[in-house]
Trainee: 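Supplied in structure tokens, the structure appears directly below.
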There are 2 protein chains.
Amino acid sequence: MTIPGHQHETGGCQRVNTVLSRIGDKWSVQVIMRLSTGSRRFNELKREIGSVSQKMLSATLRGLERDGFVSRRVTPSVPPRVDYALTDLGHELLGPVGALGDWAFANIDAVEAARAAFDAAQAQG
Amino acid sequence: MTIPGHQHETGGCQRVNTVLSRIGDKWSVQVIMRLSTGSRRFNELKREIGSVSQKMLSATLRGLERDGFVSRRVTPSVPPRVDYALTDLGHELLGPVGALGDWAFANIDAVEAARAAFDAAQAQG
DNA sequence: CAGCATCCACTATGATACTG
DNA sequence: CAGTATCATAGTGGATGCTG
């Protein structure tokens with residue numbers, strides 16, 4: 001992406017976008033950050049994140065598992081036990097995602113100020 | 001984001017997520033990458049991206065402008081001329097976004113292989 | 001040229017109830 | 001505990017036609 005245009009030959013832009021979309025969805029980054037400190041059970045994650053619904057946590061985990069970022073280990077006991085953890089690929093992803101998150105966190109004030117200024121200009125003009 | 005949990009005190013996670021969501025949306029990164037090489041007019045961008053609709057390009061640019069990543073300069077002529085360019089903040093964003101894009105591009109084969117394996121396991125199991 | 005307005009299909013998210 | 005199934009709703013994205 002540092003050399004604009006160089007990946008269009010192979011349709012790389014659209015393919016890469018499927019990964020960026022997962023990063024941008026509502027819960028994936030939350031889950032990845034939680035798992036960065038160790039594996040978690042389903043309801044552990046749900047409690048920690050708090051505001052996520054069962055359905056969305058389930059869907060998010062399935063998406064991350066499908067992409068190869070998260071592993072799912074089932075212990076067939078009663079009650080059942082399922083542990084989620086980052087794969088090697090998931091840990092690698094943590095690098096650039098963390099950098100983007102850090103940047104966003106460092107600049108969130110500037111972004112929110114820009115939004116406020118824009119909205120004010122709209123309301124007035 | 002490298003120190004999990006440290007930004008929850010100020011609700012940073014939710015606020016940061018609004019930035020990540022913009023990165024994850026369908027057209028923002030495309031537009032940012034195009035503008036990284038210089039300013040563009042509306043229809044220039046539309047032609048270059050190709051598959052984007054007028055409505056979505058318009059909405060994407062307005063969103064990026066609102067967040068302070070893109071500037072919009074109007075030349076009141078006939079026909080009208082509008083030039084879009086990255087702001088300083090937009091150029092800074094290019095760093096982490098480019099890194100994530102590079103990572104995604106470098107690992108897209110692994111991700112697609114994981115997807116294929118997952119889908120095959122589903123179809124069979 | 002650079003858009004906005006309208007209508008429509010599809011998706012994402014959530015609330016609730018149920019299951020092995 | 002760890003989900004799936006169902007229903008309801010809000011938002012996204014696209015097609016088309018119109019405007020200054």
Side-chain angles (χ1 to χ4, degrees), chain A residues 13-14 17-31 34-35 39-67 70-85 115 118-119 121-123 125, chain B residues 13-14 17-31 34-35 39-67 70-85 118 121-123 125:
Chain A
C13 264
Q14 287 104 58
N17 212 280
T18 65
V19 177
L20 297 183
S21 293
R22 186 159 308 291
I23 301 307
D25 85 9
K26 203 170 176 180
W27 304 109
S28 288
V29 171
Q30 283 260 14
V31 168
R34 302 283 174 183
L35 294 181
S39 71
R40 295 280 192 294
R41 300 179 61 174
F42 186 89
N43 275 349
E44 265 182 311
L45 277 171
K46 184 164 180 342
R47 262 193 310 276
E48 288 183 15
I49 298 177
S51 51
V52 68
S53 66
Q54 236 171 11
K55 174 181 173 179
M56 287 318 299
L57 181 55
S58 182
T60 300
L61 286 167
R62 212 176 318 121
L64 290 171
E65 188 195 357
R66 188 172 105 99
D67 284 4
V70 162
S71 67
R72 181 175 183 274
R73 198 186 53 191
V74 181
T75 307
S77 55
V78 181
R81 177 192 179 98
V82 182
D83 289 274
Y84 293 94
R115 285 178 188 160
F118 183 91
D119 293 348
Q122 291 306 88
Chain B
C13 264
Q14 288 104 58
N17 212 278
T18 64
V19 176
L20 297 183
S21 293
R22 186 160 308 291
I23 301 308
D25 85 8
K26 202 169 176 182
W27 303 110
S28 288
V29 170
Q30 283 261 16
V31 169
R34 300 284 174 184
L35 294 181
S39 72
R40 296 280 194 292
R41 300 180 61 173
F42 186 89
N43 275 349
E44 265 181 313
L45 277 172
K46 186 165 178 344
R47 262 193 307 276
E48 288 183 15
I49 298 178
S51 51
V52 69
S53 67
Q54 237 172 12
K55 174 183 173 179
M56 288 317 299
L57 181 55
S58 182
T60 300
L61 285 167
R62 213 176 319 121
L64 290 171
E65 188 194 358
R66 188 172 105 99
D67 284 4
V70 161
S71 66
R72 180 175 184 275
R73 198 185 52 192
V74 181
T75 308
S77 55
V78 181
R81 177 191 180 98
V82 182
D83 290 276
Y84 294 93
F118 184 91
Q122 289 309 84

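Note on naming: letters A, B, ... go to the chains in the order of the sequence lines (proteins, then strands), and numbering restarts at 1 for each one. Because only heavy atoms are used, hydrogens play no part in the values below, and waters and symmetry mates are left out as well, while side chains stay in.
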Trainee: Check whether any side-chain N or O of A:Arg62 sits under 4.0 Å from OP1 or OP2 of D:dT4, and answer yes or no.
Mentor: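 Answer is yes, contact under 4.0 Å.
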Trainee: Once rounded to the nearest 0.5 Å, what's the spacing between atom OG1 of A:Thr60 and atom CZ of A:Arg22?
Mentor: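 Rounded to the nearest 0.5 Å, the OG1-CZ separation comes to 8.0 Å.
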Trainee: Can you see if the side chain of B:Arg72 gets near the phosphate of C:dG3 - specifically, an N or O under 4.0 Å from OP1 or OP2?
Mentor: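 Checking B:Arg72 against C:dG3: at least one side-chain N or O falls below 4.0 Å of OP1 or OP2.
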Trainee: Between C:dA2 and B:Ser58, is there an OP1 or OP2 to side-chain N/O distance shorter than 4.0 Å?
Mentor: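 Answer is no, no contact under 4.0 Å.
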Trainee: Rounded to the nearest 0.5 Å, how far does CE of A:Met56 lie from CG of A:Leu61?
Mentor: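 Reported to 0.5 Å precision, the distance equals 10.5 Å.
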Trainee: Hey, is the side chain of A:Arg81 poking within less than 4.0 Å of OP1 or OP2 on D:dA2, counting only N and O atoms?
Mentor: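 Checking D:dA2 against A:Arg81, no side-chain N or O comes under 4.0 Å of OP1 or OP2.
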Trainee: Think B:Tyr84 has a side-chain N or O under 4.0 angstrom from the OP1 or OP2 of C:dC1?
Mentor: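 For B:Tyr84, the contact criterion (side-chain N or O under 4.0 Å from OP1 or OP2 of C:dC1) is not met.
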Trainee: Which one, D:dT4, C:dA2, C:dC1, comes nearest to the side chain of B:Val82?
Mentor: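 Shortest atom-to-atom distance from the side chain points to C:dA2.
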Trainee: Expressed as a whole number of angstroms, how long is the span from B:Arg40:CZ to C:dC1:P?
Mentor: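 Atom CZ in B:Arg40 sits about 16 Å away from atom P in C:dC1.
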Trainee: Nearest to the A:Arg47 side chain among D:dC1, C:dA2, C:dA17, which nucleotide is it?
Mentor: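 Closest nucleotide among those given: D:dC1.
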Trainee: Measure CD/B:Gln54 against C1'/C:dC4 and give the value in whole Å, please.
Mentor: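 Value for this atom pair: 9 Å.
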Trainee: How close or far is atom P of C:dT11 from atom CG of A:Asp25, stated in whole angstroms?
Mentor: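 Rounded to the whole Å, the gap is 16 Å.
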Trainee: In Å and rounded to the nearest 0.5 Å, what is the CZ to CG distance from A:Arg47 to A:Leu57?
Mentor: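 One finds 11.5 Å between CZ of A:Arg47 and CG of A:Leu57.
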Trainee: Rounded to the nearest 0.5 Å, what's the gap from CG on A:Asp25 to CG on B:Asp25? Could you check?
Mentor: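 A:Asp25 CG to B:Asp25 CG: 12.5 Å, rounded to 0.5 Å.
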Trainee: Counting side-chain heavy atoms from CB outward, which of D:dG14, C:dA2, D:dA2 is closest to B:Trp27?
Mentor: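 Selected nucleotide (nearest to the side chain): D:dG14.
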Trainee: How many whole angstroms separate atom CZ of A:Phe42 from atom C1' of C:dG20?
Mentor: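 One finds 15 Å between C1' of C:dG20 and CZ of A:Phe42, rounded.
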Trainee: Check every atom of D:dC7, C:dA2, D:dG14 against the side chain of A:Lys55 and return the nucleotide holding the closest atom.
Mentor: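 Of D:dC7, C:dA2, D:dG14, D:dC7 is nearest to the side chain of A:Lys55.
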Trainee: Testing the basics here: between B:Lys46 and B:Val52, what is the closest heavy-atom pair and its distance to 0.1 Å?
Mentor: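 Closest approach of B:Lys46 to B:Val52: NZ-O, 3.5 Å.
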Trainee: From CG of B:Leu45 over to P of C:dC1, roughly how many Å is that when rounded to an integer?
Mentor: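 It is 14 Å, rounded to the nearest whole Å.
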Trainee: Looking only at side-chain N and O atoms, does B:Arg41 come under 4.0 Å of OP1 or OP2 in C:dA2?
Mentor: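 True: B:Arg41 side-chain N/O within range (under 4.0 Å) of C:dA2 OP1/OP2.
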Trainee: Rounding to a whole Å, what distance do you find between A:Lys46:NZ and D:dA2:P?
Mentor: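 Between P of D:dA2 and NZ of A:Lys46: 12 Å.
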Trainee: I need the CE-P distance between B:Met56 and D:dT12, as an integer number of Å.
Mentor: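 In whole Å, D:dT12 P lies 8 Å from B:Met56 CE.
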Trainee: Nearest whole angstrom, please: distance from the P of C:dC1 to the CG of B:Asp83.
Mentor: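 Taking CG of B:Asp83 and P of C:dC1, I get 14 Å after rounding.
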Trainee: Under 4.0 angstrom, heavy atoms only, what part of the nucleic acid is B:Lys26 near: base, sugar-phosphate, or nothing?
Mentor: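 Here B:Lys26 touches the backbone only, sparing every base.
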Trainee: Taking for each residue the nucleotide of DNA chain C bearing the nearest heavy atom, is the 5' side occupied by B:Leu61 or by A:Ser53?
Mentor: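 Nearer the 5' end of the strand: B:Leu61.
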